[in-house]
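We count ligands from 1, going down the list as the structure has it; atoms in each ligand are counted the same way.
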Amino acid sequence: MTEADQQRWDQRYAEVGLAPPGPAVPAVFAHCEELFPSAGSALEIACGRGRGAVWLASRGMTVHASDVSPVAVELARRHAADSGLADRCEFAVWDLDDGLPPGEPVHLVLCHLFREADIDQAMIDRLVPGGLLAVACLSEVGHGPGNFRSKPGELTTAFAALETIEAGEADGHAWFLGRR
Ligand SMILES: C[S@@+](CC[C@H](N)C(=O)[O-])C[C@H]1O[C@@H](n2cnc3c(N)ncnc32)[C@H](O)[C@@H]1O
């Protein structure tokens with residue numbers, strides 16, 4: 001990512017500040033929350049203010065999360081601490097243009113509202129056998145074409161190597177939950 005783009009994210013996060021207190025399941029996965037693990041390790045990429053990481057930690061997972069914006073990462077650390085879950089969350093600054101951050105295989109990879117097809121295979125490879133991949137992004141379905149929006153069927157095609165547990169596209173969003 002260019003320095004200018006990173007600074008734009010920093011500025012945006014500096015303006016919005018901390019996430020609202022407490023864990024919150026990403027809305028797009030609310031209908032299937034019970035399918036997510038309640039133990040084990042998770043990797044969240046492009047974690048923003050840490051809402052997904054804190055939600056996973058509140059379920060009982062140990063979470064490694066990263067984002068390219070140092071401002072977002074600091075907000076995420078504070079959100080985890082304010083939620084009493086700092087001991088289960090570790091945050092780092094990482095640019096996904098360099099691939100996934102290094103690490104051991106995990107029980108869950110979460111990528112929420114970030115789409116970069118170049119790291120699809122790396123996300124699959126990071127899962128332990130039986131591990132879950134959860135991806136959600138903006139979609140052209142129910143919205144129309146736009147930058148950063150997935151094409152119809154893009155996620156199910158990209159992750160066809162996984163067993164699909166739950167997937168859909170509607171109202172400008174696409175989501176995929178699959179098992180390795
Ligand atoms: C729409 S936000 C989503 C944040 C978070 N996942 C959520 O759902 O609240 C997209 C995030 O991707 C991060 N991002 C954008 N490009 C990135 C890159 N190359 N590497 C890592 N993070 C990136 C931004 O800093 C931002 O936090």
| Is there side-chain contact between Glu104 and Ser41, with at least one heavy-atom pair below 4.5 Å? | no
For [atom], closest protein heavy-atom neighbour:
atom: atom 25 (O) of ligand 1; value: Asp67 OD1, 2.6 Å
atom: atom 8 (O) of ligand 1; value: His112 ND1, 2.5 Å
atom: atom 22 (N) of ligand 1; value: Val68 N, 3.3 Å

| Residue that, paired with Asp10, satisfies side-chain hydrogen bond (donor to acceptor under 3.5 Å, both in side chains) out of Gln7, Gln6, Arg8 |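 Among Gln7, Gln6, Arg8, the one that satisfies the side-chain hydrogen bond (donor to acceptor under 3.5 Å, both in side chains) with Asp10 is Gln6.
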| remark: Tested for side-chain contact (heavy atoms from CB on, under 4.5 Å) against Leu162, the lone hit among Thr156, Leu177, Ile124 is Ile124
If you take the nearest heavy atom of each of [options], which one is closest to [atom]?
atom: atom 2 (S) of ligand 1; options: Tyr13, Phe148, Phe114, Trp94; value: Tyr13
atom: atom 3 (C) of ligand 1; options: Asp95, Asp98, Leu113; value: Leu113
atom: atom 6 (N) of ligand 1; options: Ala53, Ala46, Ala65, Cys47; value: Ala46

| query | Does Ala72 come within less than 4.0 Å of ligand 1, judged by its heavy atoms? | reply | no
| query | Between atom OG1 of Thr62 and atom NE2 of His107, what is the distance when rounded to the nearest 0.5 Å? | reply |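 Rounded to the nearest 0.5 Å, the OG1-NE2 separation comes to 10.0 Å.
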At a 4.0 Å threshold, what atoms of ligand 1 neighbour a non-hydrogen atom of [X]?
X: Gly48; value: 4 (C), 5 (C), 27 (O)
X: Met1; value: 15 (C), 16 (N), 17 (C)
X: Asp97; value: 19 (N)
X: Leu96; value: 18 (C), 19 (N), 20 (N), 21 (C)

| task | Taking atom CG of Asp171 as the centre, report whether more than 12 heavy atoms of other residues, nucleotides or ligands fall under 6.0 Å from it. | result |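 Atom CG in Asp171 is not packed in, count stays at 12 or less.
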| task | Please say whether more than 12 non-hydrogen atoms of neighbouring residues, nucleotides or ligands are located less than 6.0 Å from CZ in Arg78. | result | no
| Going by distance only, is there an N or O of Ser69 that falls short of 3.5 Å from an N or O of ligand 1? |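 No.
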| field | salt bridge (Lys or Arg N to Asp or Glu O under 4.0 Å) assessment of Arg12 paired with Glu15 | value | CA-CA 5 Å; Arg12 188 163 157 185; Glu15 283 164 12; over 6 Å; no
| message | Membership question, hydrophobic clusters at under 4.5 Å side-chain separation (ILVMFWY): are Phe114 and Phe29 in the same one? | response |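 No: no chain of side-chain contacts under 4.5 Å links Phe29 to Phe114.
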